[in-house]
Amino acid sequence: MTEEFMRERLEKVHRLRAAGVDPYSRGFQPTHSSEAAKALLGEAERTPPVAVAGRLMVKRQQGGLVFADLQDGHGRIQLMANRSILGDEEFGRFADLDLGDIVGVSGPIFRTKRGEITLEVNSFQLLTKSLRPLPEKWHGLKDVEIRYRQRYVDLLANPQVREVFRARTQIITAIRGLLDERGFIDVETPVLQEVPGGGHARPFQTHHNALGRDLYLRIALELHLKRLLVGGFERVYEVGRVFRNEGLSPRHNPEFTLMECYQAYADYEDMMQLAEDILVCSAMAANRPLETSYEGEAVNLTPPYRRERMADLVLEYTGKHAAGEELNDLFEEHVQPRLRQPTFVLDYPVEVSPLARPREDDPRFVERFELVILGREYANAFTELTDPIDQRARFEAQAAMRAAGNVEAHPMDEDFLRAVEYGLPPCGGMGVGLDRLVMLVMDQPSIRDVILFPVMKPEA
RNA sequence: GCCGGCGUAGCUCAGCUUGGUAGAGCAGCGGUCUUUUAAACCGAGGGUCCGGGGUUCGAGUCCCCGCGCCGGCACCA
């Protein structure tokens with residue numbers, strides 16, 4: 001069927017070329033978007049001619065009239081071609097256009113008897129001939145496999161999907177704006193790294209031919225950003241892709257987008273404030289309310305968020321006094337899934353936080369928090385460890401775990417230690433997984449719904 | 001990696017339990033129709049039923065293997 005369909009369209013392409021029409025032409029200049037063209041009419045009966053361009057999505061022929069919906073980057077506008085205006089030949093050419101074709105049209109805007117704001121086609125130009133059939137106009141494209149593999153079809157067939165990705169961009173732009181406004185500078189650090197540090201995750205390995213050595217794709221942004229604080233930048237951030245060689249799930253894509261920021265002379269209390277600001281600014285950027293819901297569950301993102309020490313939460317939910325990795329394990333198993341409203345979980349065990357500053361009153365714990373909403377983490381931050389002697393000891397402890405077979409233990413990074421030995425100012429830092437943030441704000445159930453081209457196995 | 005569900009026309013879906021060699025709507029094709037809005041009406045088409053094997057006189061349907069997708073677990077601050 002596809003073969004037959006495409007053969008017919010290809011024959012049409014040849015016929016058009018033979019008739020002197022370029023089915024892949026250019027030079028059409030739209031004067032208005034579909035939205036702007038519709039807005040132009042106001043209360044008037046007719047406007048002067050405008051030019052719009054886009055893809056034909058629906059066609060309805062009524063004898064000497066053809067109605068069609070033209071979709072552009074902003075929305076849709078109805079077109080009406082009239083045989084008695086265009087003449088037989090041009091009208092025939094318009095009626096011969098296919099769904100999926102990209103066309104430029106010119107003419108005045110008016111209102112039909114049914115009240116639909118419509119462009120009366122005075123002239124038109126085929127810009128791009130489409131060779132493949134569009135998904136169904138009413139049900140759209142539902143098959144998730146095609147939606148993810150051929151996102152271009154998903155985007156052109158399902159307007160809500162375009163809105164999600166537009167919102168994603170608006171959220172990230174707003175977060176950048178917030179940080180820029182506060183004096184953070186937007187930097188770029190290496191994706192290809194000798195030592196994949198700053199987190200606990202299995203890295204992707206690659207190879208540089210000319211250097212003749214293996215490199216890793218970064219799993220986090222942290223260690224290079226802190227080097228920049230050593231260099232004298234006092235507030236830095238990066239929005240960047242990181243890569244973790246782990247399983248896939250509705251919450252995990254092997255590559256995802258992380259925002260990390262570091263602020264000299266700040267601590268994790270400041271980062272909590274910043275986290276709240278980022279959540280609020282994200283919801284606003286996407287035009288979503290703070291009192292909202294995710295997959296049907298009510299959630300209120302209005303600050304201030306509850307703050308609880310991890311040890312207190314574990315005691316409350318399990319009745320157990322615990323410390324170290326056991327505390328963290330108990331928290332993750334018994335507490336985190338039950339934290340539904342936004343909660344800052346404070347003061348992690350030092351054993352699971354090799355880059356964070358110990359609490360002065362109890363060095364078994366560090367000044368670290370994670371922001372948990374609906375059982376999921378949205379931010380991870382600490383008052384950074386600035387003592388190079390302690391940092392070296394932490395790395396050595398991690399190296400021992402690594403030697404004992406823990407592949408996710410933090411690797412030794414001598415250059416980072418050297419930087420810290422020059423002097424890292426006291427600072428707070430935070431990381432926010434932006435994909436999951438967009439999922440929350442836009443109420444999307446899968447990370448694949450907020451990543452344009454998620455990782456898939458090969459077809460066939 | 002393990003467990004479960006799913007895979008039928010370009011798209012959205014029936015048919016599978018109770019085997020008898022495939023159906024609808026939209027899209028496409030041919031025709032009628034000058035203000036339509038999921039938009040009509042008439043007509044003729046269109047399928048390696050994910051792939052491979054097996055059981056059977058006969059498999060879209062039952063069994064086995066494989067592939068892909070979805071979900072859960074494992075993994076994953």
Side-chain angles (χ1 to χ4, degrees), chain A residues 1-9 11-12 57-69 76 78-86 91 95 98-100 110-118 120 130-150 153-154 157-158 198-203 219-220 222 244-254 256 258 310 325 328-329 331-332 336 345 348-349 351-356 366 368-372 376-382 407-410 431 433 445-446 448 454 456-460:
Chain A
M1 184 55 200
T2 306
E3 290 75 18
E4 188 189 331
F5 185 101
M6 289 187 67
R7 201 191 62 238
E8 281 165 0
R9 292 264 173 115
E11 283 168 5
K12 199 175 271 190
M57 300 302 290
V58 187
K59 213 169 73 170
R60 301 175 285 277
Q61 184 157 7
Q62 298 288 321
L65 293 179
V66 172
F67 294 95
D69 294 348
R76 290 187 180 189
Q78 176 168 273
L79 312 179
M80 188 187 78
N82 189 331
R83 169 173 270 137
S84 54
I85 293 174
L86 282 174
F91 181 78
D98 290 301
L99 300 189
F110 74 109
R111 212 178 300 265
T112 63
K113 285 180 184 168
R114 294 289 191 92
E116 180 80 17
I117 300 176
T118 300
E120 179 188 281
S130 173
L131 301 181
R132 288 180 182 271
L134 248 38
E136 213 223 5
K137 63 184 177 188
W138 178 242
H139 296 93
L141 179 65
K142 289 186 170 173
D143 184 314
V144 291
E145 185 167 353
I146 303 176
R147 288 189 47 224
Y148 298 153
R149 284 194 195 283
Q150 299 176 236
V153 181
D154 189 26
N158 298 326
H200 293 177
R202 220 168 294 197
I219 60 168
E222 175 154 3
R244 297 188 179 181
N245 207 338
E246 293 158 359
L248 289 76
S249 87
R251 292 161 297 282
H252 299 82
N253 195 64
F256 62 98
L258 194 57
M310 179 187 279
E325 290 190 46
N328 193 54
D329 292 346
F331 170 77
E332 285 183 2
Q336 185 173 322
V345 177
Y348 278 60
E351 291 84 352
V352 299
S353 314
L355 300 163
V366 294
R368 169 181 175 186
F369 74 80
E370 288 192 1
L371 172 58
V372 176
R376 300 180 185 176
E377 305 143 18
Y378 287 90
N380 178 26
F382 13 101
V407 292
E408 276 105 32
H410 201 288
S446 171
R448 298 180 194 95
M456 302 285 276
K457 293 187 192 175
E459 297 179 69

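Values reported hereafter were calculated over all heavy atoms of this structure, with side chains retained and with hydrogens, waters and symmetry mates removed. Chain A is the first sequence line, chain B the second, and so forth, proteins listed ahead of strands; every chain is numbered from 1.
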Point to revise | Span that lies between the P atom of U61(B) and that of C49(B), in whole angstrom | key: 10 Å

Check your understanding: What nucleic acid atoms does Glu145(A) come within less than 4.0 Å of, heavy atoms only: base, sugar-phosphate, or nothing?
Key -> sugar-phosphate

Check your understanding: salt bridge (Lys or Arg N to Asp or Glu O under 4.0 Å) with Arg132(A): which residues, sequence neighbours excluded?
Key -> none

Check your understanding: If you look at every strand shown and take non-hydrogen atoms under 4.0 Å, does Lys457(A) touch a base, only sugar-phosphate, or nothing?
Key -> sugar-phosphate

Practice item. Apply salt bridge (Lys or Arg N to Asp or Glu O under 4.0 Å) to Glu145(A) and list each qualifying residue two or more places apart in sequence or on a separate chain. Key: Arg149(A)

Point to revise | For Arg60(A), all residues meeting salt bridge (Lys or Arg N to Asp or Glu O under 4.0 Å), sequence neighbours excluded | key: Asp69(A)

Check your understanding: Counting any heavy atom closer than 4.0 Å, what does Leu134(A) reach on the DNA or RNA strands: base, sugar-phosphate only, or nothing?
Key -> nothing

Review point. Across the strands shown, which category fits Glu8(A) at heavy-atom distances under 4.0 angstrom: base, sugar-phosphate, nothing?
Key: sugar-phosphate

Revision key, fill the gap. Residues passing the side-chain contact (heavy atoms from CB on, under 4.5 Å) test with Pro250(A), sequence neighbours excluded, are Ser446(A)

Check your understanding: Mind checking what makes salt bridge (Lys or Arg N to Asp or Glu O under 4.0 Å) contact with Asp98(A), not counting sequence neighbours?
Key -> Arg9(A), Lys12(A), Lys129(A)

Practice item. Rounded to the nearest 0.5 Å, what's the gap from CZ on Arg147(A) to CZ on Arg448(A)? Could you check? Key: 11.0 Å

Practice item. Answer with base, sugar-phosphate or nothing: what part of the nucleic acid does Val352(A) contact at a heavy-atom distance below 4.0 Å? Key: base

Output one line per pair: protein atom, nucleotide atom from nucleotides 49-52 of chain B, and distance, for all N/O pairs under 3.5 Å.
none

